[in-house]
Undergrad: 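Take a look at the following structure, please.
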2 protein chains.
Amino acid sequence: MSDDRGEATPGRRGGRGARERILRAADRLFYAEGINATGMERLTDVAQVSKRTFYQHFPSKNALVEEYLHRLDTIAAPPRERALARADLLPRDRLLALFADDPPAPTDPADPAGPADPAVGGRRLRGCPFHNAAVETAGTVPAVERAVIRHKAAFTRLLAETAQAAGAPDPAALGRQLAVLFEGATALATSLNDPAPLADARAAAAALIDTALTRPRRAG
Amino acid sequence: MSDDRGEATPGRRGGRGARERILRAADRLFYAEGINATGMERLTDVAQVSKRTFYQHFPSKNALVEEYLHRLDTIAAPPRERALARADLLPRDRLLALFADDPPAPTDPADPAGPADPAVGGRRLRGCPFHNAAVETAGTVPAVERAVIRHKAAFTRLLAETAQAAGAPDPAALGRQLAVLFEGATALATSLNDPAPLADARAAAAALIDTALTRPRRAG
DNA sequence: GTCAAGGTAGACCGGTCGTTGTACTTCTGT
DNA sequence: ACAGAAGTACAACGACCGGTCTACCTTGAC
């Protein structure tokens, strides 16, 4: 937050960007291999940063975890959630696109992180990074818990707004139900390491949406 | 599995049951605090067992994890899942009882495992132990992954059977959808540390069930 | 009483964790 | 050219990890 020395002087190339590499490595490793399972050795190795440099940018590993989560829902939304922002779809289709099983990001050409990506290799499904962080920390890190709650609330709110745009009589309720469905599809796909639940969730979502749009309103 | 020395000689008191205490401690700690977060020191301390004794019963911590998961879905089903077996309810109500938010076990008098339960103390929501194990191990322990898949498949099958008993035209599809809903309610409740999503899931389940029972059949 | 079986406590092992320290090497702006 | 920031390599710290070991106690059959 306070050591952004390159921000005010546009002429500089921004140093050598150790911090950015660290955050990129955290993005990959914390998500793919787990937060606890990722040691500092491996993290600094992947980030191509010495441990000393790491601790000049972050006071602790936990601080990096918090920044990792913070970036996830403020800077770059996961590709799946981005479906809700697609202007080329009707609101109802935006909601359903959440559960599409085709890869949502068709090779963004403006991403310079290319060479770092294919080294991962594993294509194992890993679910929601916020939920994973909550499970891994088991409530022992308040900042993580807060970040998770904030993200889930924002996502549910976004669903509710889209539900409202679709004309749902009780958009908040439909948004919450779709949030549960999405969470379940993600979690179950992770547990089974199989994306099949997404299709079931999509069918269920369609039924819920159509029911909500057809009938006037129901009591919870 | 193979060292049950007390089984053939009924005259003996069966030792002091170290193995059982170990498994009970694993039940509590692995679930409430996480598998990785639970060290052997703490585990043997809670089980009131010396480390030496532990390693006479289990070859490794991982072996205990596997046995812990194996017991969970063969010996004692979690209280919530037990709702599906209640004979006093109609099939449809059994499905909905899964999502009830009142404590499901009204002090079963025939359960000798009573004193172990309330000692947990922490009331933090922790979700599905199988899913948590899958997240914590991140696919690095094949036996865990197999146990998780087996459990989820059995649970989905049970849901489908109940859906069939309720008269659903495509019970397998409805079972899978309800499985996603349940997983989502559990996961979201964990992330938020708030049981509210269960109510949303219940409403969604009711809608899905009624839709399935009313309309003839839908394509996935 | 003896003795093996099964239990206990807890020091100890090598390894890894997150973290810090020492000493050295780039790069960059003036 | 030079100051100094930013980076590097790498040894080491204390703490804890899963796991092993020694030494002693308790029980029950003979």
Side-chain angles (χ1 to χ4, degrees), chain A residues 2-26 29-30 33-68 136-138 140-141 143-144, chain B residues 2-26 29-30 33-68 136-138 140-141 143-144:
Chain A
S2 56
D3 68 330
D4 48 332
R5 39 129 204 83
E7 209 63 9
T9 55
R12 288 181 52 183
R13 244 185 58 260
R16 295 197 213 79
R19 185 186 175 90
E20 211 51 42
R21 267 175 300 164
I22 291 170
L23 284 166
R24 222 182 295 272
L29 296 176
F30 285 168
E33 305 180 6
I35 293 171
N36 292 333
T38 301
M40 292 305 301
E41 201 83 36
R42 177 132 170 73
L43 184 80
T44 55
D45 196 44
V46 169
Q48 296 187 103
V49 154
S50 71
K51 286 197 195 179
R52 200 76 193 82
T53 300
F54 173 86
Y55 282 101
Q56 277 167 355
H57 285 283
F58 298 92
S60 69
K61 182 188 179 184
N62 253 336
L64 174 62
V65 172
E66 296 168 20
E67 181 79 6
Y68 152 71
E136 286 208 68
T137 58
T140 60
V141 187
V144 167
Chain B
S2 56
D3 67 331
D4 48 331
R5 38 129 201 88
E7 210 65 7
T9 55
R12 304 237 328 240
R13 245 184 57 268
R16 298 202 205 77
R19 185 184 175 91
E20 212 49 41
R21 264 175 296 156
I22 291 171
L23 284 165
R24 222 182 295 270
L29 296 176
F30 285 167
E33 306 180 4
I35 292 172
N36 291 333
T38 300
M40 291 306 300
E41 203 81 36
R42 175 133 171 72
L43 183 81
T44 55
D45 196 43
V46 168
Q48 297 187 101
V49 154
S50 71
K51 283 200 195 178
R52 190 80 229 284
T53 300
F54 173 87
Y55 282 101
Q56 278 168 352
H57 286 282
F58 299 92
S60 69
K61 182 189 180 182
N62 253 336
L64 173 62
V65 172
E66 297 169 18
E67 181 79 6
Y68 152 71
E136 285 208 67
T137 59
T140 60
V141 187
V144 165

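In what follows, chains are A, B, ... by sequence order, proteins preceding strands, each numbered from 1.
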Undergrad: Any donor and acceptor pair, going by atom type alone, linking the side chain of A/R24 with main-chain N or O of A/A47 inside 3.5 Å?
TA: no
Undergrad: Within this structure, what is the CZ-to-P distance between A/R19 and D/dT8, rounded to whole angstrom?
TA: 15 Å
Undergrad: Write down the distance between CZ (A/F54) and C1' (C/dG21), rounded to a whole number of angstrom.
TA: 17 Å
Undergrad: Residues in salt bridge (charged side-chain N to carboxylate O under 4.0 Å, His left out) with B/K51, at least two apart?
TA: B/E41
Undergrad: Kindly write out the residues that satisfy side chain to side chain contact (heavy atoms under 4.5 Å, CB included) with B/T38, not counting sequence neighbours, or none if the list is empty.
TA: B/L29, B/F30, B/E33, B/L43
Undergrad: Whole angstrom is fine here: how far is it from NE2 in B/H57 over to C1' in D/dG19?
TA: 16 Å
Undergrad: A/E20 CD to D/dG7 P: how many Å, rounded?
TA: 12 Å
Undergrad: Rounded to whole Å, how long is the line connecting atom CD of B/Q56 with atom C1' of C/dG7?
TA: 8 Å
Undergrad: Checking B/Y55 now: which residues fulfil side chain to side chain contact (heavy atoms under 4.5 Å, CB included) with it, not counting sequence neighbours?
TA: B/M40
Undergrad: Measure from the side-chain heavy atoms of A/Y55 and tell me the nearest of C/dT19, C/dT8, D/dG7.
TA: C/dT19
Undergrad: Calculate the interatomic distance between A/L64 atom CG and C/dG18 atom P; express it in whole Å.
TA: 11 Å
Undergrad: Using heavy atoms and a sub-4.0 Å distance, could you list which residues of residues 37-52 of chain A are near DNA chain C? By number, please.
TA: A/T38, A/G39, A/M40, A/K51, A/R52
Undergrad: I need the CD1-C1' distance between B/I22 and C/dG6, as an integer number of Å.
TA: 13 Å
Undergrad: With sequence neighbours left out, write down each residue that passes side chain to side chain contact (heavy atoms under 4.5 Å, CB included) with A/A138, or none if nothing qualifies.
TA: B/R126
Undergrad: According to salt bridge (charged side-chain N to carboxylate O under 4.0 Å, His left out), who are the partners of B/R52, at least two apart in sequence or on a separate chain?
TA: none
Undergrad: Measure from the side-chain heavy atoms of B/A18 and tell me the nearest of D/dG7, C/dG7, C/dT20.
TA: C/dG7
